[in-house]
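Encoded as C-alpha cells, the structure appears first; notes follow it.
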Amino acid sequence: MLFEKNSGKNLLIQDSNFQYKDKELSLNELLNKYDEVLFLSFKNKSIVKQVQSSQKVKIWYSEILESNPPIYKVEQLEVSEGQ
C-alpha cells in the first residue's frame, strides 16, 4: 500500500495484512507494527501523481539509501491489478 504521510513523504508498506485505518498511526507506530515500511523518493514526480493513497503498487528502483525506514529511489511505479 502506498500513501502519503502528513510529512509529505510517500510511504510504501509491504505487508498484506496492512489495515487502511493504520495510516493515521505515527511513523514510529507504523515501524513497530509492520516489518516492511519504506520511504519512496521519485526523480520524476509525475510518476506518483497517477497513484491514489492506499493503492497497491509495484516499484522498480535504482538505489536504496540507508535510513530508518530506508529510502528507495523509484525509477518506475505501476498500480497493481486486482485491488
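Evaluation of the side chain to side chain donor-acceptor pair (under 3.5 Å) rule for Ser46 yields Asn44 as partners, not counting sequence neighbours. Partners of Asn32 under the side chain to side chain contact (heavy atoms under 4.5 Å, CB included) rule, at least two apart in sequence or in another chain, do not exist in this structure. Partners of Asn28 by side chain to side chain contact (heavy atoms under 4.5 Å, CB included), not counting sequence neighbours, listed by chain and number: Ser26, Leu31. Residues satisfying the ring pair (Phe, Tyr, Trp, His ring centres under 6.0 Å) criterion with Phe42, sequence neighbours excluded, are absent altogether.
Residue pairs satisfying the side-chain hydrogen bond (donor to acceptor under 3.5 Å, both in side chains) criterion with at least one member in residues 63-79, sequence neighbours excluded, are listed as follows: Ser62-Glu75.
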Donor-acceptor contacts, no H, no angles, side chain residues 33-41, under 3.5 Å, sequence neighbours left out:
| unit_1 | atom_1 | unit_2 | atom_2 | d |
| --- | --- | --- | --- | --- |
| Lys33 | NZ | Asp22 | OD1 | 3.4 |
| Lys33 | NZ | Asp22 | OD2 | 2.8 |
| Tyr34 | OH | Gln19 | N | 3.2 |
| Tyr34 | OH | Asp22 | OD2 | 2.4 |
| Glu36 | OE1 | Gln14 | NE2 | 3.1 |

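Note that CG of Leu12 is 11.0 Å distant from OH of Tyr61, once rounded to the nearest 0.5 Å.
Trp60 and Val51 fall into different hydrophobic clusters, where Ile, Leu, Val, Met, Phe, Trp and Tyr are joined by side-chain heavy atoms under 4.5 Å apart, directly or via other members.
Heavy atoms only, all atoms of each residue included: Pro70 and Ile64 are closest at CB-CG2, 3.9 Å.
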